[in-house]
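Structure first, commentary second.
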Protein chains: 2
Amino acid sequence: MKKTETRIQKKNHSAIKAAGLKVFAQFGFRGSTLDQIAAESGLSKPNILYYFSSKETIYEALLAQLLTDWLQPVRDIDPAGDPVEEILKYAKHKLKMSRLYPRESRLYANEIIQGAPRIKSVLTGELRDVVATLAQLIKNWSEAGLIRVIDPYHLIFSIWAMTQHYADFDVQVQAVLGDGDHFDDAEQYLEDMLRRMLTV
Amino acid sequence: MKKTETRIQKKNHSAIKAAGLKVFAQFGFRGSTLDQIAAESGLSKPNILYYFSSKETIYEALLAQLLTDWLQPVRDIDPAGDPVEEILKYAKHKLKMSRLYPRESRLYANEIIQGAPRIKSVLTGELRDVVATLAQLIKNWSEAGLIRVIDPYHLIFSIWAMTQHYADFDVQVQAVLGDGDHFDDAEQYLEDMLRRMLTV
DNA sequence: AATTAATTTGACCAACTGGTAAAACTAACG
DNA sequence: CGTTAGTTTTACCAGTTGGTCAAATTAATT
C-alpha cells in the first residue's frame, strides 16, 4: 500500500501531522487554519496541500491514529487476570496517556464536544462494541464475586472522565494547584478510588 | 447601571446570548462566526453589533455569567452541615447543571481546553480562592474525623470531571449507552462513589 | 551528465470573515 | 401629531480563508 514512501514524504507527513495536532488540539477543526499549520510545520501552505489533499484530511488522519491507539489498551485487558489489577492497569495507562500526550486528548475532546461530526460512526460502531465487551467482562467479574457489584458503564465513564480531565483541563488544574506535575497525586487518588469501588 | 433597558433591548440581548451560547458551545470562539449567531438569533449581523460591540463581547458576557453561576454553589456549601451530605448536595447540583445546561458546560470546556485565554485571571484568582477555601473545609472535616482522610483537591476534580463528562461527552455517552437520559444512573453511581470515598 | 520524478514556491482566486457608515425605518413620548 | 430616540437594514470594506495552478527547483535514477 504505502510501502513507497520517500524519506522526504515520511519527514513531511509527520511534520504536518505534528503541527496539525498542535493546532487542532488547541482550536478545534473550524478554529484552525492551514496557515497556522504551515507556520507551525515550517512548510508553505501549498506544500502542505501537496501531501494532504485538504485540511480535513490532516484532521482525519490524526483522529484515525488516535482512535486505534485508544481502543487497543481496552482490548488488552486480560479476562483471566486479577480483575482489580486489570482495571487498575488500564486506568493508570489511560492516565499516563493524558500525561504524555495531552494534545491528543484535547484533540479528541474538541471533536466530541462539537458533536463528533467526523467520527460518530466509529463511536456507535467500534467504540460501542469494545466498551460493551469490557462491560460484560466487568459484569462477569461482579457475578463471580471477584469484584463488588457495580455499574460497569459508569465505572468506565468515571475512569475516562478523571484521566482525561488532567489533560483537557490542565490549565484549570494548574491554576488551582499551582504549576507543576500533579499526575502522581492524581494516580494515587485514582487508585484509591478504584480499589474502594471494586473491592467487596 | 443598566436600569434603562428597553423591552426590545432586553429581548435582543437575551436572543443574542442564547444564540451565541449555542454556537460558541459547539465550535469554540475561533470556530464560531457572527453570521452563525445572526442566523441562529434571527437578527442581522449589523443588528447584533448594535447590541454587542464585537464577537468577543458576546463571548465574554456568556463566560462571565457562567462563572458566577458555577462558583456560587461552591460558596453555598455549609461548613456547619453534615460533611457527606454537603458534598453530595454539591455534586448532585453540579450533575443537574450538566443535565439542564449542557451547552454552558461545553462552552466552558472549549474555553479551558483552548488554554483559557480570556479567563485565566479568573482561574488563578476567584476560582483558585474558592477552591482553596473548600479544600481547607474538607481537610478540617477529615481531621475532625467526620469524613475519611482524602486529598480534597483531587476529590473536587473528580466531581467536576465526572459531572461535566456527561454534558461535554454527551455524544459519546449516547453512542455507548444508546440514546436517552442516563443522568439518573450517573447520579446513583456518583452518590455511591462519593459515599464510599468519604465515609470512614 | 542527462533525464525523469519528486518537491517547493509564488501568484492567484472566490468565498467568507469581523466590522463600519449612513440611510431608512419604527417606537415612545409630549 | 410631530419630534425625538431607538432600532434595523442596505451596501460596503479590508483582511483572511481553503484551495488551485503552472512554473521553478531539487532529488533520484540511468
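Throughout, a chain's letter reflects where its sequence line sits, starting with A, and its residues are numbered from 1.
- The separation between B:Asn47 atom CG and C:dG19 atom P is 15 Å, rounded to whole Å.
- Contact annotation: B:Asn12 side-chain N/O to D:dT8 OP1/OP2 distance is under 4.0 Å.
- Atom CG of A:Asp35 and atom C1' of D:dG15 are 12 Å apart (whole Å).
- Regarding B:Glu5, its CD atom lies at a distance of 17 Å from the C1' atom of C:dA27, rounded to whole Å.
- Using cut-offs of 30° and 60° for the angle between ring planes, the B:Tyr108 and A:Phe169 rings count as tilted.
- A:Gln9 has no side-chain polar atom (N or O) that falls below the 4.0 Å cut-off from OP1 or OP2 of C:dA6.
- Ring-plane geometry between A:Phe157 and A:Tyr153 is classed as tilted, the angle between the planes lying from 30 to 60 degrees on a 0 to 90 degree scale.
- Counting to the nearest Å, the C1' atom of D:dT8 and the CD1 atom of B:Ile48 are 12 Å from each other.
- Evaluation of atom-type donor-acceptor distances gives no pair under 3.5 Å for the side chain of B:Lys55 against the base of C:dG19.
- Distances were taken from every side-chain heavy atom of B:Thr6 (C-beta onward) to each of C:dA6, D:dT7, C:dG18; the shortest belongs to D:dT7.
- For A:Pro46, whose side chain is taken as the heavy atoms from C-beta onward, the closest listed nucleotide among D:dA27, C:dG19, D:dT20 is D:dT20.
- B:Ser32 comes within 4.0 angstrom of sugar-phosphate atoms only, judged by non-hydrogen atoms across all strands, and of no base.
- In the set C:dT17, C:dT7, C:dA27, the nucleotide with an atom closest to the side chain of B:Thr33 is C:dT17.
- Note on A:Tyr51: only backbone sugar-phosphate atoms sit closer than 4.0 angstrom, heavy atoms only; bases stay farther off.
- Summarising the geometry, the separation between CD on A:Glu56 and P on D:dT17 is reported as 18 Å, rounded to the nearest angstrom.
- Rounded to an integer number of Å, the gap from CG of B:Leu43 to P of D:dT8 is 7 Å.
- For A:Ser44, the listed nucleotide lying nearest its side chain is C:dT9; candidates were C:dT9, C:dG19, C:dT17.
- Rounded to whole angstrom, the span from the NZ atom of A:Lys11 across to the C1' atom of D:dA27 amounts to 12 Å.
- A:Gln164 and A:Lys94 form a side-chain donor-acceptor contact under 3.5 Å, judged by distance and modelled atom types alone.
- Ring planes of B:Tyr59 and B:Phe24: perpendicular class, angle over 60° (limits at 30 and 60°).
- Projected onto DNA chain D by closest heavy-atom contact, B:Arg30 and B:Ile8 fall at different nucleotides, the more 5' of which corresponds to B:Ile8.
- Regarding A:Arg7, its CZ atom lies at a distance of 19 Å from the P atom of C:dA5, rounded to whole Å.
- As judged by a 4.0 angstrom heavy-atom cut-off over every strand, A:Leu34 is placed among residues touching the sugar-phosphate backbone only.
- OP1 or OP2 of D:dT7 sits under 4.0 Å from a side-chain N or O of B:Tyr50.
- Judged by distance alone, with hydrogens and angles left aside, the side-chain atoms of B:His182 form a donor-acceptor pair with the main-chain N or O of B:Gly178 at under 3.5 Å.
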